Amino acid sequence: MNKKANLYFNIFVLAFLSFDVHSQITYDKVKVPEYKLPELLISNNGKKIQIPEDWINIRRPEIIRLFEAYVYGGVPEVCLEIKFATIKTDLNALYGKAIKKNIVAFIINEVDTVQMELLIFIPANAKKPVPLFLGMNFYGNQSIHHDSSIPITKSYVNNNPEYNIFNHKATYESRGSDSSSWPVERILERGYGLATFCYGDLDPDFDDGFKNGIHSLLDYSEKNDSNKLSSISAWAYGLTTVMDYFETDEHINKSQIIVIGHSRLGKTALWAGAIDQRFAIIISNNSGCGGAALSRRKTGETVKDINTGFPHWFSRNFHYFNDKENELPVDQHMLIGLIAPRPVYVGSAEQDKWADPYGEFLSLYHAGPVYKLFGSDIISKDTLPEINKPLWTGKMGYHIRAGDHGIKRFDWEKYLDFADYHFNRKSK
Ligand code: GCU
């Protein structure tokens with residue numbers, strides 16, 4: 001797609017989202033095709049996986065390779081140097097409720113640097129290192145809260161203005177523009193830290209043939225192999241890079257990091273959680289196609305829809321499976337399986353038919369055998385739970401909230417409860 005066409009397409013998609021058409025189309029009428037899921041517990045050479053060691057040493061690496069080769073491409077392999085700098089620490093932020101830190105990660109090759117601006121809040125009264133939610137934001141760090149001391153994220157302002165149709169908001173007006181998705185004070189009150197950065201720091205969200213963002217740092221051969229690249233992997237790379245920083249911060253309990261993401265960033269949270277086992281809990285909110293939803297159901301957004309609308313999110317190889325979902329060597333239950341034995345939570349929304357809520361639930365359900373291998377209880381029935389009634393079994397959590405696509409207070413409360421439960425904390 002040329003630049004103009006791409007711009008118009010993005011405007012169309014955003015208009016589509018904001019007019020809430022998702023909920024008005026009756027996807028329920030679409031018949032789910034017959035499908036058979038690829039085997040989770042049989043290795044490429046036919047070996048039955050029956051013990052955790054075989055999963056860890058044989059099947060898990062195989063499945064990661066399959067997702068890299070056919071769906072997400074790889075996280076950049078080149079040896080990029082990373083340096084972290086603390087720009088500012090405010091011990092009295094949010095009227096004394098938080099310690100606020102502005103950290104910049106410099107991702108460096110011999111000639112160029114990409115910067116990630118990380119914003120961190122820690123509960124001010126914390127007596128020991130805190131568990132922390134890590135989630136990328138869409139519109140810059142300043143969008144998550146009205147606090148005027150949060151620097152406006154540069155990549156959000158500097159991205160090619162032709163594409164940045166929110167550009168008018170990239171000023172003081174964008175402060176707090178997405179605060180309803182980020183209950184910062186509540187997260188702090190419950191004893192958790194929160195860290196965020198803008199996904200555009202790693203790769204601006206438009207199709208440029210993998211030239212900008214972190215891709216600009218790759219060497220020629222890697223850049224040319226577009227099968228290996230995807231924006232989702234670039235964003236996931238950001239999450240794992242930040243994890244390196246957490247390992248050095250005395251305010252943060254590095255063994256209790258929860259990676260969370262909404263929508264396209266929910267797809268990314270699952271992929272990052274799958275490949276980086278340092279994340280303790282993985283949460284995907286309304287992640288849909290290419291996230292928690294089973295591709296083979298072809299319900300709501302299909303593989304072809306997503307590759308057409310967002311050609312850069314996945315590797316070029318994934319495009320081959322447009323209308324050929326049954327040929328995919330993986331399906332998304334295998335992505336959830338990669339998270340085992342760690343806790344995973346999938347959140348859906350009733351009217352978010354585009355994301356196929358039942359397909360999101362089924363991935364979790366069909367990942368059960370891997371969790372069982374590790375001795376964990378698993379979801380026993382493939383029946384969708386009632387609206388607003390979370391289902392937690394063993395390490396798996398699921399809810400379908402009333403309402404449409406979005407990350408709401410209800411979702412956060414359940415995610416906080418789930419984290420409390422798995423970290424043995426008393427809920428507040
Ligand atoms: C579009 C896209 C979804 C994606 C969503 C988002 O609706 O089709 O796959 O999850 O955007 O990220 O907001």
Side-chain angles (χ1 to χ4, degrees), residues 1 6 8-25 27 30 71-72 135-140 143-144 156 163-166 177-178 180-182 196 198-200 202-207 230-236 238-239 259-272 283-295 297-315 318-319 321-322 325 331-332 335 346-360 363 400-401 403-408 411:
M1 222 189 283
N6 201 344
Y8 291 134
F9 183 80
N10 280 337
I11 292 174
F12 171 76
V13 170
L14 285 156
F16 183 78
L17 290 175
S18 49
F19 287 118
D20 202 13
V21 185
H22 283 181
S23 56
Q24 292 161 17
I25 300 174
Y27 295 102
V30 178
V71 184
Y72 301 110
M136 285 182 283
N137 63 68
F138 287 95
Y139 311 119
S143 69
I144 78 152
Y156 180 69
Y163 292 99
N164 189 352
I165 60 174
F166 288 109
S177 60
D178 198 25
S180 63
S181 305
W182 298 91
T196 188
C198 181
Y199 76 141
L202 279 304
D203 193 24
D205 192 358
F206 60 88
D207 185 19
S230 77
S231 292
I232 287 184
S233 274
W235 302 330
L239 293 170
V259 63
I260 183 167
H262 167 61
S263 212
R264 68 200 71 181
L265 301 182
K267 309 180 207 298
T268 312
L270 288 174
W271 178 227
I283 300 176
S284 119
N285 190 77
N286 303 182
S287 61
C289 181
L294 289 176
S295 302
R297 280 173 46 83
K298 293 187 81 160
T299 303
E301 185 172 32
T302 63
V303 169
K304 185 176 178 187
D305 291 330
I306 206 161
N307 282 330
T308 310
F310 309 94
H312 53 296
W313 284 2
F314 300 88
S315 80
F318 193 49
H319 293 223
F321 301 98
N322 291 350
E325 285 83 351
D331 211 317
Q332 300 306 107
L335 183 65
V346 173
S348 301
E350 187 189 8
Q351 289 162 32
D352 187 17
K353 309 281 190 205
W354 186 239
D356 185 19
Y358 187 46
E360 293 179 318
S363 275
I400 173 161
R401 164 181 56 70
D404 206 350
H405 195 68
I407 182 160
K408 310 281 180 199
D411 301 310

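If you read the sequence from its start, that first residue is 1, and numbering goes on from there. Keep in mind that this is a model prediction, so the values were computed, not measured. Numbering of ligands and ligand atoms starts at 1, following listing order.
Heavy atoms of Arg264 found under 4.0 angstrom from ligand 1 belong to the backbone as well as the side chain. Of all the heavy atoms of Ile306, the ones lying under 4.0 Å from any atom of ligand 1 belong exclusively to the side chain. In His405, the part holding a heavy atom less than 4.0 Å from any atom of ligand 1 is the side chain.
Distances below 4.0 Å separate heavy atoms of Trp354 from the following atoms of ligand 1: 2 (C), 7 (O), 8 (O). Near Ser263, with a cut-off below 4.0 Å to any heavy atom, the atoms of ligand 1 are 4 (C), 5 (C), 6 (C), 10 (O), 12 (O), 13 (O). Which parts of ligand 1 touch Lys267 is read off a 4.0 Å heavy-atom cut-off, strictly below it: atoms 3 (C), 4 (C), 9 (O), 10 (O).
Among residues two or more places apart in sequence or in another chain, the side chain to side chain contact (heavy atoms under 4.5 Å, CB included) test is passed with Thr302 by Lys298, Lys304, Asp305, Glu325. Asp203 is linked by a salt bridge (charged side-chain N to carboxylate O under 4.0 Å, His left out) to nothing, counting only residues two or more places apart in sequence or in another chain.
With 3.5 Å as the limit, one finds no donor-acceptor pair spanning the side chains of His312 and Asp207. Looking at Trp313 and Asp205, their side chains do bring a donor and an acceptor atom within 3.5 Å of each other.
No N or O atom of Asn286 sits closer than 3.5 Å to an N or O atom of ligand 1. Of the polar atoms of His262, none of the N or O atoms is found under 3.5 Å from an N or O of ligand 1, judged by distance alone.
Looking at every heavy atom in both residues, Ser287 comes nearest to Gly266 through CB-C, 3.6 Å.
Residues Trp182 and Thr196 are in side-chain contact: their nearest non-hydrogen atoms beyond the backbone lie under 4.5 Å apart. Looking at Asp178 and Asn137, their side chains never come closer than 4.5 Å, going by heavy atoms from C-beta outward.
Of the candidates Phe310, Tyr199, Phe138, Phe310 brings a heavy atom nearest to atom 2 (C) of ligand 1.
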